[in-house]
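Here is the structure we will look at.
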There are 2 protein chains.
Amino acid sequence: MKNEDEPKDKRLKPGDAQKLTMAEVAKYVGVSAMTVSRAFRQDASVSEETRKRIMEAVDALGYVLDLSAGSLSSRRSGFIAALVPSINNSNFSDTARGMTDALEKTGLQLLLGYTDYSTEKEEELIEAMLRRRPEGIILTGGSHTPRARRMLAQADIPVVETWELPEDPINQVVGFSNSEAMALLVRTLASQGYRKFGYIGGTTARDTRGSQRRSGFQRTVEELGLGPGRMISFGVPPITMEQGGQAIVSLLERWPDTEVVLCVSDLSAFGAIMECTRRGMKVPRDIAIAGFGDYEISSICHPRITTINVDCYGIGRQAAARLLDALHTGEATGDEITLTGYKVVLRESTDRNGAPTA
Amino acid sequence: MKNEDEPKDKRLKPGDAQKLTMAEVAKYVGVSAMTVSRAFRQDASVSEETRKRIMEAVDALGYVLDLSAGSLSSRRSGFIAALVPSINNSNFSDTARGMTDALEKTGLQLLLGYTDYSTEKEEELIEAMLRRRPEGIILTGGSHTPRARRMLAQADIPVVETWELPEDPINQVVGFSNSEAMALLVRTLASQGYRKFGYIGGTTARDTRGSQRRSGFQRTVEELGLGPGRMISFGVPPITMEQGGQAIVSLLERWPDTEVVLCVSDLSAFGAIMECTRRGMKVPRDIAIAGFGDYEISSICHPRITTINVDCYGIGRQAAARLLDALHTGEATGDEITLTGYKVVLRESTDRNGAPTA
DNA sequence: ACAAAAATTGTTATCGATATCATCTTGCCG
DNA sequence: CGGCAAGATGATATCGATAACAATTTTTGT
């Protein structure tokens, strides 16, 4: 006979609810741990009767599966990492919702991280995420630190970049051209007769989508022969409603004859409109203002704001779908670019008749 | 001699970047895996020289620590779970920021989940989180399913409930009385002469904070002898700007002489104000409207909205701090209630002089 | 200069589930 | 009724790091 282990010296602290493991559940039911493990997966071969008994025991004991142990041995962490610039931006939250919906029923969980529009923060987050071994990762934008790129390459998992069209994609891309979208808005407004264009955006290149919108604006105004646009930069992205208000004051001081102002987002457009209203100017009678992103506020406020509607939800949904494709096909897929839609939404704030309450 | 293992049959797939482990880094540097492990923690005793060499190797090889293995053996997952109702609500995102800030430098990461104001979704999320063995968990509100409560009890980790004062706290609480806050707003407005009070909120009890605000409203209006309040319920929480607009229409149809309307949140208040404006009513001249939460929009829009400012950031910060306390003191702390502040912010939308642009 | 203390590094067992292969039933068919 | 396939279950090794303790080197005090 082999010598039996003495009762272990493991001192369970008094109040310490001894931690339940699968083995204990197994002993309780009278099966092996492996069978309990199988009972937790619907594809595994366990008789219905045994599974039922196990699940009852799980319930009775209050056992909760331990994925950290499971993922170590199965080498599947069971989650997808997604990094977005801001927690509090309905555009990105719509995108996140799209991802969550697409991942439903796949057994994969979404882990969100917030980069605060900073590539350094993004790098940190990528490292933090990779340490937990995600099965794939979704990023916003195409601007990353060199080290971030290296880590991603090394990680050998599918990567999807979203919300823009990077010049040098890592892997897959789901997004649209922010500069083209802004160009479309400029051309649409120009075709309505506007000639003197102003632009409000943040000061730095941190927000790459913002920069792209700006360059789309600039380029298109010049292409249309409407001279260089009047551009005001204000604040570190993401610029707030308040900064939108401050910016339009600067802009109108410098170029009082401006006819229409395009803003990097609806939020700054809203701030600008409110500031104008407060100063006794009527929008669009005295000045027209447009935003970008089609946030809820733009269809509610007075006057309603002309904007670019972006398929935020679709971006998320498709990004997750592309990622799942890559995971299923064994990541042999070519790196594709999936274009998502956008459209101009004309509303009161740029109405040439200037009769917003019409 | 024992038979030596044949060179393993492990077929590394062609493109497969063979997964790096600590052992390989260790071999590369010429130390033991344990020393590499130590090099990753700043408190461990490794000579500076060795650590430098190891970190260079880590960099050169592109190794990324594997926490799923580490947390299994150390029994420390290194993260805190936090569940909030909505991803896209600046109040909660401020709270989340408070938590993140408080956890900075503690080595603990925050994992956010979104319950969508549903206790069923919350239960699912709690289970999903517990499966990854968080070291603590922060919840919003005090309303949970029985199974959620059981799982939390079994998990034996500190729990903090936030944003309200539950009748039956699980453990620690960081929040304030929503009904008292709303009562304060009612009393403040009553003291300014308002007599005929209306209220706009969601239809169900899903949003417990909303329900508490409603009951605070109702109770106080009656206490002041101003008769039963005029209450309109509209939509499933969280109610949107648009629903705020629809609600005020119903309310004014039913009770056209209402003097002031309190809304469950600033967002519905904003929607209500815009709808009034659109219909040619002036706020506050024709009707006064107030919100709750002091969102950015309320200080920007026109007219600016009277509201209750809540210390959202502080709630998050303190919740995380209390959790850290509990973790450090070995969870022997008594379950305390930490009250957070709120205050009435009077703005144009309830100005009795009705001269918002004054 | 030598013992004691401190700092550094290594060895081995282990965390809790799952992959893998082995074993045991059961059912089915000619 | 033998034999084989399919289904159900179990035994064991393993995932990759870290805890715990052991061994070694360096520093310190007197």
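Only heavy atoms go into these numbers, but all of them, side chains included; no hydrogens, no water, no symmetry mates.
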Salt-bridge test for [X] and [Y]: reply yes if a basic N is under 4.0 Å from a carboxylate O, no otherwise.
X: A:Glu48; Y: A:Arg51; value: yes
X: A:Glu127; Y: A:Arg147; value: yes
X: B:Glu49; Y: B:Arg53; value: yes
X: A:Arg131; Y: B:Asp66; value: no

[X] side chain N/O closer than 4.0 Å to the phosphate oxygens (OP1, OP2) of [N]?
X: A:Ser37; N: C:dA17; result: no
X: A:Arg132; N: D:dG16; result: no
X: A:Arg76; N: C:dA17; result: no
X: A:Ser47; N: D:dA8; result: no
X: A:Ser32; N: D:dG10; result: yes
X: A:Ser68; N: C:dC15; result: no
X: A:Thr50; N: D:dT9; result: yes

Among [options], find the nucleotide with the atom closest to the side chain of [X].
X: B:Tyr63; options: C:dT18, D:dG16, D:dA17; result: D:dA17
X: B:Thr35; options: C:dT9, D:dG10, D:dA19; result: C:dT9
X: B:Arg41; options: C:dG16, D:dA17, D:dA19; result: D:dA19

Counting only distance, no hydrogens or angles, is the base of D:dG10 paired donor-acceptor with the side chain of A:Arg38 under 3.5 Å?
yes
Per the atom types in the model, does the base of D:dG16 pair as donor or acceptor with the side chain of A:Arg133 at under 3.5 Å?
no
Classify the nucleic acid contact of A:Ser45 as base, sugar-phosphate or nothing, counting any heavy atom under 4.0 Å across all strands shown.
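Counting heavy atoms under 4.0 Å across all strands, the contact made by A:Ser45 includes a base.
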Remember a base hit wins even if backbone is also touched, and classify B:Val31 as base, sugar-phosphate or nothing at under 4.0 Å, heavy atoms.
sugar-phosphate
Atom pair distance, as rounded to whole Å: NZ in B:Lys19 and C1' in D:dG16:
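Value for this atom pair: 12 Å.
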Rounding to a whole Å, what distance do you find between A:Arg53:CZ and D:dA8:P?
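Going from A:Arg53 (CZ) to D:dA8 (P), I get 14 Å.
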